[in-house]
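Protein chains get the first letters and strands the later ones, always in sequence-line order, with residue 1 at the start of each. Values below: every heavy atom of this structure, side chains too, minus hydrogens, waters and symmetry copies. Computed from a prediction, not measured in an experiment: that's the story for all the values here.
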Amino acid sequence: MLSLKLIQEQSPFVIERLKIKNFNAETLVGQILSLDEKRRSLQTRTDNQLAELNNLAKQIGQLYKEGKAAEAEGAKNQTAAIKEENRILKEEHAAAEVQLQSLLVQLPNLPYQLVPPGKTPEDNQLIRSGGKLPDAGQGLKPHWDLIAGNNLIDFELGVKLTGAGFPVYKREAARLQRALINFFLDRGIQAGYTEVQPPILVNEDSAYGTGQLPDKEGQMYRAEPEGFYLIPTAEVPVTNIFRDEILSADQLPVKYMAYTPCFRREAGSWGAHVRGLNRLHQFDKVEIVQVRHPDDSYNGLEEMVNYVESLVQSLGLPYRIIRLCGGDMGFTSAMTYDFEVYAAGQGRWLEVSSVSNFESFQANRLKLRYRDKNDKKTQLAHTLNGSALALPRIMAGLLENNQSGNEILIPQVLQPYTGFDRILL
RNA sequence: GGAGAGAUGGCCGAGUGGUCUAAGGCGCGCGCCUGGAAAGCGCGUAUCCUACGUGAAGUGGGAUCGAGGGUUCGAAUCCCUCUUUCUCCGCCA
């Protein structure tokens, strides 16, 4: 959520920037400004009435104490009319607040200066790439063909247990998955992240705090009767750790990391390119989250990008880093880098990480603030997060790029974790 | 799941209808003191909205004592609902 102050003071700038995201904010901003004016004038009036009532109450107390009961009764009679009037004004005020809020949450975050305009992934910027692309024409198989019939990843069994998109990993595949999780977590600790294990069900406040609600309700699984949501990413519980918190500036930057399963309904998004591990309803991910001083948040973003890059490099996967254009970015993000790994068997790039700076957009909803040492005032902090990394597509990348005859070679860095150096097919 | 006791500022903790503008302590900050420090002394120390002021300093108003509703001229205090913590019992990995 953008801060109201920004909209009040720089509405032309807000409208202009949002064009980069192909969002026409003119009407919405106009409504917000007039509603805000209404809200403030209602507040001034109710506050004045309340002040008057407070005064009267004090006088009445004083009169009783002085034994002037008759005068006190007279003063009491004055309050009734004011109270009634105030009740109505307060209702109007509350309604204006609610309506204002509902409009504010419809405005996406402003894109950062570096974000290129554009509407489709075609307009994204290639930042850099690395690793060695396989030579064409080697007859490399997609991962679902590689594992077909050898019982390593059992999609049908997952259907039996739950449904499509919930595979069962077995034997070396299960161990490889566990190895990857441990590898990512250990590397994260070396990079200065604090490991946490959050709940994977969250309440409505948390889903709202990071922006999954109100818009993406249909993308999350909901657990009744409590109405909890299964997290679509660890970003939700980990970032919400800081909801309603005021940090001192010297606590920044905060760097947290969590491994969790993630659950996504992906309603309506099942189509051609979603075979095998490419898109699942349940998958594992290690997520990194940072809370930063506003002056410092883009350094944080670069640091996170470099860190994620080091992970992909150490696994020896061909990758590219892409800066998303305005039209391809998420609602809450100010700038996003996607990491894609080349899946040699499919001949396509798979997104394995998305690293974003939300600036103060999430913090404003979360009421996550910091205070400088010599400053009385609180300021909104900046939040960032990224996958480091998402497991299934990394697994797909490893299977497809490291296939060699009838075996899959395990990258050296993983071997201490897996306990084997190849998977025989 | 049952019974009981709680939820007050960064922390501890007092406060059962008006003098709460929330006592006192701890912590923290600044100053005095000191060769320097400790101790001691003094001052300060929540958040949000709002009006004036440049978006500063500051001043005024309003709200917030777990959350929401109610009673009352007036609620931290009384009533109701919910959330949550602790203790005991039951169940349990």
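Residue A:Thr378 is classed as a sugar-phosphate contact, given heavy-atom separations below 4.0 Å to backbone atoms only. Within 4.0 Å of A:Ala75, counting heavy atoms only, lies no atom of the nucleic acid at all. Among the protein residues, A:Asn54 comes within range of the sugar-phosphate backbone only, with heavy atoms under 4.0 Å from sugar or phosphate atoms but none that close to a base. Contacts of A:Lys377 with the nucleic acid, taken as non-hydrogen atoms under 4.0 Å apart, involve only primed sugar atoms and P, OP1 or OP2. Residue A:Arg45 is out of contact with every strand shown, counting any heavy-atom pair closer than 4.0 Å. A:Leu53 comes within 4.0 angstrom of no nucleic acid atom, judged by non-hydrogen atoms across all strands.
Base pairing annotation: B:rU47 forms a Watson-Crick or G-U wobble pair with B:rA63, both donor-acceptor distances under 3.5 Å. Nucleotide B:rG42 forms a pair with B:rC30, judged by Watson-Crick or G-U wobble geometry with both contacts under 3.5 Å. Pairing of B:rA22, defined by two Watson-Crick or G-U wobble distances under 3.5 Å, is not identified with any nucleotide. B:rG4 is paired with B:rC86 under the criterion used here, namely a Watson-Crick or G-U wobble arrangement in which both key atom distances are under 3.5 Å. If you check B:rG36 for Watson-Crick or wobble pairing at under 3.5 angstrom, you find it has no partner at all. Applying the Watson-Crick and G-U wobble criteria (two distances, each under 3.5 Å), B:rC91 pairs with nothing in any strand. Taking a pair to require two hydrogen-bonding distances under 3.5 Å in either a Watson-Crick or a G-U wobble arrangement, B:rC52 pairs with B:rG58. With both pairing distances under 3.5 Å, B:rA76 is matched to nothing as a Watson-Crick or G-U wobble pair.
For the P atoms, the distance from B:rA76 to B:rG62 is 14 Å, rounded to whole Å. The separation of B:rA63 from B:rA38, taken at their P atoms, amounts to 43 Å, rounded to a whole angstrom. As rounded to the nearest Å, B:rC33 and B:rC41 have C1' atoms that lie 8 Å from one another. Separating the C1' atom of B:rU84 from that of B:rC65 is a span of 16 Å, rounded to the nearest Å. Nucleotides B:rC78 and B:rA5 are separated by 14 Å at their P atoms, to the nearest Å. Atom name C1', nucleotides B:rC91 and B:rU77: the rounded distance is 39 Å, in whole Å. Annotation: B:rC79 and B:rG17 have their C1' atoms spaced 13 Å apart (nearest Å). Nucleotides B:rG9 and B:rA14 are separated by 13 Å at their C1' atoms, to the nearest Å.
Closest contact between the side chain of A:Lys83 and the listed nucleotides B:rU50, B:rU47, B:rG74 involves B:rG74. The A:Ile60 side chain lies nearest to B:rG18 when the options are B:rA51, B:rG18, B:rA63. Checked against B:rG55, B:rC73, B:rG61, the side chain of A:Glu9 finds its nearest nucleotide in B:rG55. Nearest nucleotide to the A:Thr44 side chain, out of B:rG61, B:rA51, B:rC73: B:rA51.
Taking the six-membered ring for Trp and the full ring otherwise, the centers of A:Tyr307 and A:Tyr193 sit less than 6.0 Å from each other. A centroid separation of 6.0 Å or more is found between the aromatic rings of A:Phe166 and A:Phe155.
If you check distances only, the side chain of A:Asp47 never reaches the base of B:rG62 with a donor-acceptor pair under 3.5 Å.
Computed from coordinates, the A:Ile246 CD1 to B:rC48 C1' distance equals 10 Å when rounded to whole Å. What separates CD1 of A:Ile7 from P of B:rG55 is a distance of 18 Å, to the nearest Å. For the pair A:Arg371 CZ and B:rC28 P, the interatomic distance rounds to 16 Å; values are reported in whole Å. Between A:Glu97 atom CD and B:rU50 atom C1' there is a gap of 11 Å when expressed in whole angstrom units. Atom-to-atom, CG of A:Leu89 to P of B:rU50 comes out at 17 Å; the value is rounded to the nearest Å. Rounded to whole Å, the distance from CG on A:Leu56 to C1' on B:rG18 is 14 Å. Per the geometry, CD belonging to A:Glu84 stands 14 Å off P belonging to B:rC73, to the nearest Å. Put simply, CD on A:Gln379 is 11 Å from C1' on B:rG55, counting in whole angstrom units.
In this structure, A:Ala388 and A:Val308 approach most closely via the heavy-atom pair CB-CG2, 4.2 Å. For the residue pair A:Arg323 and A:Pro116, the shortest heavy atom distance occurs at CG-CD, 4.2 Å. Of all heavy-atom pairs between A:His382 and A:Ser297, the closest is ND1-OG, 2.8 Å.
Figure legend: A:Arg178 and A:Tyr417 shown without cation-pi pairing, the cationic atom not lying both under 6.0 angstrom from the six-membered ring centre and within 45 degrees of its axis.
Between A:Thr79 and A:Arg39, the residue anchored nearer the 5' end of RNA chain B, judged by the nucleotide with its closest heavy atom, is A:Arg39. Between A:Lys76 and A:Thr46, the residue whose closest nucleotide on RNA chain B is further toward the 5' end is A:Thr46.
Between A:Phe339 and the choices A:Ile322, A:Leu350, A:Ile321, the side chain to side chain contact (heavy atoms under 4.5 Å, CB included) rule is met once, by A:Ile321.
Looking only at atom types and distance, the side chain of A:Glu122 has no donor-acceptor partner in the side chain of A:Thr120 under 3.5 Å away.
Regarding contacts with the backbone of B:rA51, a side-chain N or O of A:Arg40 is found under 4.0 angstrom from either OP1 or OP2.
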